Structures are given as C-alpha cells and as structure tokens.
2 protein chains.
Amino acid sequence: MAESVVLDPVDLHLLRLLQNDARTTYRDLAAQVGVAPSTCLDRVTRLRRSGVILGHRLELDPAKLGRGLQALLSVQVRPHRRELVGPFVERIRALPESLTVFHLTGPDDYLVHVAVADMSDLQRLVLDEFTSQREVARVETRLIFQRWDCGPVLPPSPSAQSG
Amino acid sequence: MAESVVLDPVDLHLLRLLQNDARTTYRDLAAQVGVAPSTCLDRVTRLRRSGVILGHRLELDPAKLGRGLQALLSVQVRPHRRELVGPFVERIRALPESLTVFHLTGPDDYLVHVAVADMSDLQRLVLDEFTSQREVARVETRLIFQRWDCGPVLPPSPSAQSG
DNA sequence: CGTGAAAGAAACGGTAA
DNA sequence: TTACCGTTTCTTTCACG
C-alpha cells in the first residue's frame, strides 16, 4: 500500500478532465492539455499502474432503477470483534440495496448508505437484514433528502509531495 | 424528473458489466451478453439518453493523492432556512476536501464526507471551514477506518416496473 | 436486431531531445 | 528518461437488410 505519488501539472490537468468525463478521447485530452495524444496515453497508463486511477466506473441513477429512496443506517455491532464484524460487512456489502459501507470511529461502528424503492422497502430492509441479526445492537435510520457529488479530488497543495 | 425505466435482461446485463469496468468495449460486451456490438451501442446510448447512466467517472485513490485520512462530519445548520443552507452547501461542495454532501432528516442536517492529508489538516478544515461559520451550530467528526463500495445497483425485482 | 463498411481512436514501435 | 511522430490494429458508428 503505497504513499502519495508525484504528480506534475500535466497529470493534474488530465485527472481533472477525466473526472468530468472518463470517456474523453486522448486526442481531445491532448488538445486541451497541450501535449501529444500519445503522451496522454503514457500518462494515463502510468496513473492507472501506479494506483492513482482505481478504475473507470459508471455512475447510475438509483431513482431510474426503481430505487427512489436513499437512507443512511448507523449500525452498532456488539461485540465489536473480528469474528463478528467480518461476516457482517460481507453480508451487508452483498445486499443489492447497499451503495457504500463505512467503518467508523465513535459509538456507531458502521454507516451504510442504501437505496431502496420506498418506505416499506426500507422498513423491510432494516428489520430483515439488520435488527433481526444477533450481532446488530442498534440501528439508526436517517433519510437522505438530497446528495451532492463534489468536484475532483485534487492534491492538497502545489508543493510537498512525499514519495 | 422521470420515474423508473423499463429494463430488459440485456440492459441489466450490460449495466452489470459496465459497472465493473466502464471501459469494456462494445465488442467484449456483445460477446458476453450474446448480442451484436451495434445492439450494445444502441442499448447503452438509450440508457444514457434516458438518464439511467449519468456519466462515466474516474475512480481515484485519495490516499495516492496525498489525502490519506477520510472522515464524516455531521453538521447542524441553524436556523435551517433556505437563505442559509443554500450558500452553505455550495461553499462546502467547492472545498477540495469534500467528496460527498448529504442533506438528511434528523437532528444532524448535513453529513459531509471529506478526505484530508492528516489529523492537523482535518483540524484546520473543521475549525476554518465549519465551526467558524455563523450558521454552523454544531459539528461532529467521525474518522473512517475503511470504506467499501458495493456492487451494482440492480433493479429491485424482476417484476413490476412502472414507466 | 444483425451485417458490413467507413471513420475514428488506441496502442506500439521508433526517434529525438 | 520523457515527449513526440507515424503506422498498424482495433473499436466505434452508421446505413441498410
């Protein structure tokens, strides 16, 4: 598990453009960044191999897929031991309703971001997949009014990159 | 803002494959789904135009970009009025540290997922961008041990799709 | 929905700074 | 070592059956 990677202005420019639309062609990238298309290919390939780029993912609209309601579930797993939390996380990750799972500090051990069809679907999910389980001590449900994805993750400062 | 879209097994298969790797070629998609490449193009184009596919995004590793620490900030904004929360959300979204912002039901109005360089960077962020603001009544910080992205968002059931 | 052809992009070598 | 150029290979895209 490596540390930060040194990124020059060309890399940053490419990452910024690709975060907006990962299907941008190397030809178009080259025109906007001011280098040759093959250079873009070289840079992007390097960024993928170095792990900066984890993958190209499709962003879907859960509402269009019949999941118009999203919620966050705060879950306490007790006792909080590896033998219990390992299978718990794997089971939750495998649910089609789960979008993201966080393991957190603080009294609530896990936060699960879910997308469901409606209220009754959410109720079913909470009752059948969470509170019915022996290791789940408490579940707190919060509905999501709205969600905003933020801009590209840019490096903290134009200086000081530790290799 | 439309409701769900009717998706047949071919659409679902394509979405499942593309969620794993959005760069899969139509030729490879065709081979795995069992239709012609041009049919895959037709289907994917339709899915993009109907809004099921919101975009092709790059998944980056924040740790490799010098942001090895992630946290969730629960924020109370008081008074919770449009004149205050609108600018608040826009300001938070514009921070380079912000990954996602949720507007929630419950006592904590907003949940902000952030990625920072280290503890002192997190402290600076909380103090300078959150608690120093007049409209921010309370901030609760929880660190993220680990984060899991879950599988594709699949439609709820093989029946009952309302168009 | 499939076929086939044309336009276009990606990938790979070589080459020069 | 890194960027650029030109060619080959593959993909995308479109018109048509």
Side-chain angles (χ1 to χ4, degrees), chain A residues 2-61 64-65 152 154-155 157-163, chain B residues 4-61 64-66 152 154-155 158-159 161 163:
Chain A
E3 277 299 304
S4 334
V5 174
V6 180
L7 299 172
D8 69 9
V10 172
D11 292 320
L12 294 177
H13 202 161
L14 289 171
L15 289 176
R16 253 181 288 246
L17 293 171
L18 286 171
Q19 279 232 329
N20 290 333
D21 181 5
R23 295 200 329 165
T24 310
T25 63
Y26 292 122
R27 179 179 152 275
D28 290 349
L29 289 174
Q32 294 182 64
V33 174
V35 297
S38 56
T39 303
C40 292
L41 174 63
D42 283 349
R43 295 302 191 102
V44 173
T45 302
R46 203 179 312 163
L47 289 168
R48 303 188 96 234
R49 294 165 68 95
S50 65
V52 174
I53 297 175
L54 293 172
H56 297 243
R57 296 290 166 79
L58 216 59
E59 193 190 4
L60 301 182
D61 184 351
K64 289 284 174 64
L65 293 168
L154 299 176
S157 73
S159 64
Q161 296 276 357
S162 64
Chain B
S4 335
V5 174
V6 180
L7 299 173
D8 69 9
V10 172
D11 292 320
L12 294 177
H13 201 162
L14 289 172
L15 290 176
R16 253 180 288 246
L17 293 171
L18 285 171
Q19 279 232 328
N20 290 334
D21 181 5
R23 294 198 331 164
T24 311
T25 64
Y26 292 124
R27 179 180 153 276
D28 289 350
L29 289 174
Q32 294 182 64
V33 174
V35 296
S38 60
T39 303
C40 292
L41 173 64
D42 282 349
R43 295 302 190 101
V44 172
T45 302
R46 202 180 311 164
L47 289 168
R48 302 187 96 232
R49 293 166 68 96
S50 66
V52 174
I53 296 175
L54 294 172
H56 296 243
R57 297 291 167 78
L58 216 58
E59 192 189 5
L60 301 183
D61 184 351
K64 288 285 175 64
L65 294 168
L154 298 176
S159 64
Q161 296 277 356

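Since this is a predicted model, take the numbers as computed values, not measurements. No hydrogens, no waters, no symmetry mates; every other heavy atom, side chains included, goes into these values. So that the names make sense, note that chain A is the first sequence line, chain B the second, and so on, each numbered from 1.
- Using a 4.5 Å cut-off on side-chain heavy atoms (C-beta onward), A:L58 and B:L18 make contact.
- Between B:V52 and B:V5 the shortest side-chain heavy-atom distance falls below 4.5 Å.
- For A:R43, the salt bridge (Lys or Arg N to Asp or Glu O under 4.0 Å) partners are A:D8, A:D11, not counting sequence neighbours.
- Rounded to an integer number of Å, the gap from A:R43 CZ to D:dT2 C1' is 8 Å.
- Within residues 22-37 of chain A, the residues that have a heavy atom under 4.0 Å from DNA chain C are, in order of number, A:T25, A:Y26, A:R27.
- Taken together, the paired segments of DNA chain D that extend over three or more consecutive Watson-Crick or G-U pairs, each closer than 3.5 Å at both contacts, are C:2-5 with D:13-16, C:7-17 with D:1-11.
- Within the structure, a side-chain polar atom (N or O) of B:T39 is placed less than 4.0 Å from OP1 or OP2 of C:dG2.
- Distance CG (A:L41) to C1' (D:dT9): 14 Å, rounded to an integer number of Å.
- The shortest side-chain heavy-atom distance between B:L65 and B:D61 does not fall under the 4.5 Å cut-off.
- Side-chain contact between A:L7 and A:L47: present, with at least one pair of heavy atoms (C-beta onward) separated by less than 4.5 Å.
- In this structure, A:D42 atom CG and C:dA16 atom P are separated by 18 Å, rounded to whole Å.
- Put simply, the side chain of B:S38 and the base of D:dT13 share no donor and acceptor less than 3.5 Å apart.
- Atoms CG (A:L14) and P (C:dA10) sit 13 Å apart, rounded to a whole Å.
- In this structure, CG on A:L41 lies 5.0 Å from OH on A:Y26, to the nearest 0.5 angstrom.
- The shortest distance between side-chain heavy atoms of A:Q32 and A:R16 does not fall below 4.5 Å.
- Using a 4.5 Å cut-off on side-chain heavy atoms (C-beta onward), B:E59 and A:I53 make no contact.
- Heavy-atom distances to DNA chain C give each of B:D8 and A:T45 a nearest nucleotide, and the one nearer the 5′ end belongs to B:D8.
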